[in-house]
Student: 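Mind having a look at this structure? Questions to follow.
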Protein chains: 2
Amino acid sequence: MHTIGRVSEMFGLPISTLRYYDKEGLFPSLQRRSGIRQFGETEIEALRVIECLKASGLEIKDIKRFMQLCAEGPSTYAQRRKMFEARKAAVEAEMCRLQKTLDMLSFKCWYYETAIEDGSEDRLKSMIPDGLPVEIKRLYDNARS
Amino acid sequence: MHTIGRVSEMFGLPISTLRYYDKEGLFPSLQRRSGIRQFGETEIEALRVIECLKASGLEIKDIKRFMQLCAEGPSTYAQRRKMFEARKAAVEAEMCRLQKTLDMLSFKCWYYETAIEDGSEDRLKSMIPDGLPVEIKRLYDNARS
DNA sequence: ATAACACATGAACTTAACTTTAGGTCAAGT
DNA sequence: ACTTGACCTAAAGTTAAGTTCATGTGTTAT
């Protein structure tokens, strides 16, 4: 069993955050001894899942829902699995979005490299047909390949 | 030149958001005619960059800073390039983080698939040495390869 | 003329996820 | 005895990025 201070160090999370999570119902089976929280293996594992679900973009109230499912036992396995499948899909979608963002950022890096070499954006701008960065991006991609 | 309503449709952004962006200084050279905003090609391109920088996780106040650099002319090319390089690095880091999250989510999907097949988590839990999902994840990865 | 519409403003409101503050308990060391 | 340190609570404050509201203006269709 760990105290809140130890758990705080273990996870690099402020104590206030752990108390906040508890208040929000993220540790449904957290025990106390004379008012003091006793973080057991259940809560440690819960925190690992919380970190994962948070990183996946899930809100606290939905993480709470998941923790409740866990507390309800084997009858909720299917629901829990579905939840993870949904999170997986969400993260995959986010990664696609970020890849597109990354492409645009790479293009912009190239754009300013070129502008610095040229000393102006004139040549670059003359390459753009009618304010269509999608098109110039294609030019850029072709130039790279 | 476009009205705020047209731009709203073009980008799928609420009018209130466009006004908010303007108020925050994201269109430093936006013109008006008798009080009404005139969105020109400059602002349209600005919005494309805004969407990109927002997707990269940049805050509005820092996007404003970038737009100000743009309005200052060629002397800020180097700063602008540096900003895009930094954004690129941030997005790459975020994608790494998401990849790790995805790995954990995939593991959890497999975990619950297995738990459903088994009808309980008993076998799975007996595979875990001492509450270390990192270890079981390694077992899982080995099983996959 | 009057109604409808798209535009405008400033100020207040919203939401999520914390953080901070103010005050209190309790055990251990000096 | 007293101070220190780790724990506790409830309530208020914070921040970002908008959204909503109340109110007003100006142009166009009936």
Side-chain angles (χ1 to χ4, degrees), chain A residues 1-28 30-40 43-44 46-68 87 90-91 94 97 101, chain B residues 1-28 30-40 43-44 46-68 87 90-91 94 97 101:
Chain A
M1 293 291 177
H2 316 273
T3 65
I4 201 169
R6 265 203 62 42
V7 176
S8 165
E9 281 168 27
M10 287 163 68
F11 283 86
L13 289 170
I15 290 177
S16 62
T17 301
L18 293 172
R19 289 209 262 247
Y20 165 69
Y21 285 173
D22 184 25
K23 203 175 58 173
E24 293 303 303
L26 263 49
F27 308 119
L30 179 72
Q31 304 284 64
R32 287 177 183 237
R33 253 217 295 248
S34 55
I36 287 162
R37 292 174 184 84
Q38 311 282 312
F39 289 79
E43 282 70 39
I44 299 302
L47 265 170
R48 281 192 276 254
V49 174
I50 288 165
E51 298 271 76
C52 174
L53 291 176
K54 259 212 322 172
S56 87
L58 202 64
E59 291 176 23
I60 297 294
K61 67 176 195 295
D62 295 318
I63 299 179
K64 173 188 178 173
R65 176 86 191 104
F66 174 78
M67 292 306 165
Q68 285 172 343
R87 281 299 89 204
V91 170
E94 175 64 7
R97 201 181 67 103
T101 300
Chain B
M1 295 292 178
H2 317 273
T3 64
I4 202 169
R6 262 200 68 36
V7 176
S8 164
E9 283 167 27
M10 287 162 68
F11 283 85
L13 290 171
I15 290 176
S16 63
T17 300
L18 294 171
R19 288 207 263 250
Y20 166 69
Y21 285 173
D22 184 24
K23 202 174 58 172
E24 293 302 305
L26 264 47
F27 309 118
L30 179 72
Q31 304 284 66
R32 292 182 181 232
R33 257 220 290 250
S34 54
I36 286 161
R37 291 174 184 85
Q38 311 282 311
F39 289 80
E43 282 72 38
I44 299 302
L47 266 170
R48 281 192 277 253
V49 175
I50 289 166
E51 299 269 77
C52 173
L53 291 176
K54 260 211 321 170
S56 87
L58 202 64
E59 290 176 24
I60 297 295
K61 67 174 194 296
D62 295 318
I63 299 179
K64 172 186 179 175
R65 175 87 190 105
F66 175 78
M67 292 306 166
Q68 285 171 344
R87 281 298 92 203
V91 171
E94 174 65 7
R97 202 182 66 104
T101 300

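Below, each value reflects all heavy atoms present in this structure, side chains not excepted, and no hydrogens, waters or symmetry copies. Here is the naming used below: chain letters follow the sequence lines, and residue numbers restart at 1 for every chain.
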Student: Output the distance between atom CE (A:M1) and atom CD1 (A:I36), rounded to the nearest 0.5 Å.
Tutor: 14.0 Å
Student: In whole angstrom, what separates A:F27's CZ from D:dC8's P?
Tutor: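 It is 12 Å, rounded to the nearest whole Å.
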Student: Begin from the C-alpha positions of A:D22 and A:R32 and carry the test salt bridge (charged side-chain N to carboxylate O under 4.0 Å, His left out) through to its verdict.
Tutor: CA-CA 12 Å; A:D22 184 25; A:R32 287 177 183 237; 3.2 Å; yes
Student: Can you measure A:R37 atom CZ to D:dA6 atom P for me and round it to whole angstrom units?
Tutor: 16 Å
Student: Nearest-Å distance, CG (B:L58) to P (D:dT15)?
Tutor: 18 Å
Student: Do A:L47 and A:Y21 have side chains that get closer than 4.5 Å, going by heavy atoms?
Tutor: yes
Student: Could you state the atom-to-atom distance from CG of B:D62 to C1' of D:dT15 in whole Å?
Tutor: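 Interatomic distance, CG of B:D62 to C1' of D:dT15: 14 Å.
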Student: At under 4.0 Å between heavy atoms, what does B:S34 touch on the DNA or RNA strands: base, sugar-phosphate, or nothing?
Tutor: nothing
Student: For B:Q31, does the CD atom have more than 12 heavy-atom neighbours from other residues, nucleotides or ligands under 6.0 Å away?
Tutor: no
Student: Would one find a side-chain N or O of A:R32 under 4.0 angstrom from OP1 or OP2 of D:dT9?
Tutor: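 For D:dT9, OP1 or OP2 has a side-chain N or O of A:R32 closer than 4.0 Å.
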Student: Rounded to whole angstroms, how far apart are CE on B:M1 and C1' on C:dC7?
Tutor: 17 Å
Student: Counting only non-hydrogen atoms, which of residues 15-25 of chain B are less than 4.0 Å from DNA chain C?
Tutor: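 Contacts with DNA chain C under 4.0 Å: B:I15, B:R19.
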Student: For the residue pair A:I44 and A:H2, establish whether any side-chain heavy-atom pair is separated by less than 4.5 Å.
Tutor: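 The answer is yes, as the side chains (C-beta and beyond) meet within the 4.5 Å cut-off.
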Student: Apply salt bridge (Lys or Arg N to Asp or Glu O under 4.0 Å) to A:R33 and list each qualifying residue two or more places apart in sequence or on a separate chain.
Tutor: none
Student: Just so I know, are the side chains of B:E24 and B:I63 near enough to count as touching, which here means a heavy-atom distance under 4.5 Å?
Tutor: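 Of all side-chain heavy-atom pairs linking B:I63 with B:E24, none is under 4.5 Å.
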Student: According to a strict under-4.0 Å criterion, is A:K64 in side-chain N/O contact with OP1 or OP2 of C:dA16?
Tutor: no
Student: Quickly work out the B:I4 CD1 to C:dT9 P distance and round it to whole Å.
Tutor: 8 Å
Student: How close or far is atom P of C:dA27 from atom CD1 of A:I36, stated in whole angstroms?
Tutor: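 Checked: the CD1 to P distance equals 8 Å.
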Student: Whole angstroms only, please: what is the CZ-P distance between B:R33 and C:dA8?
Tutor: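 Roughly 14 Å, once rounded to whole Å.
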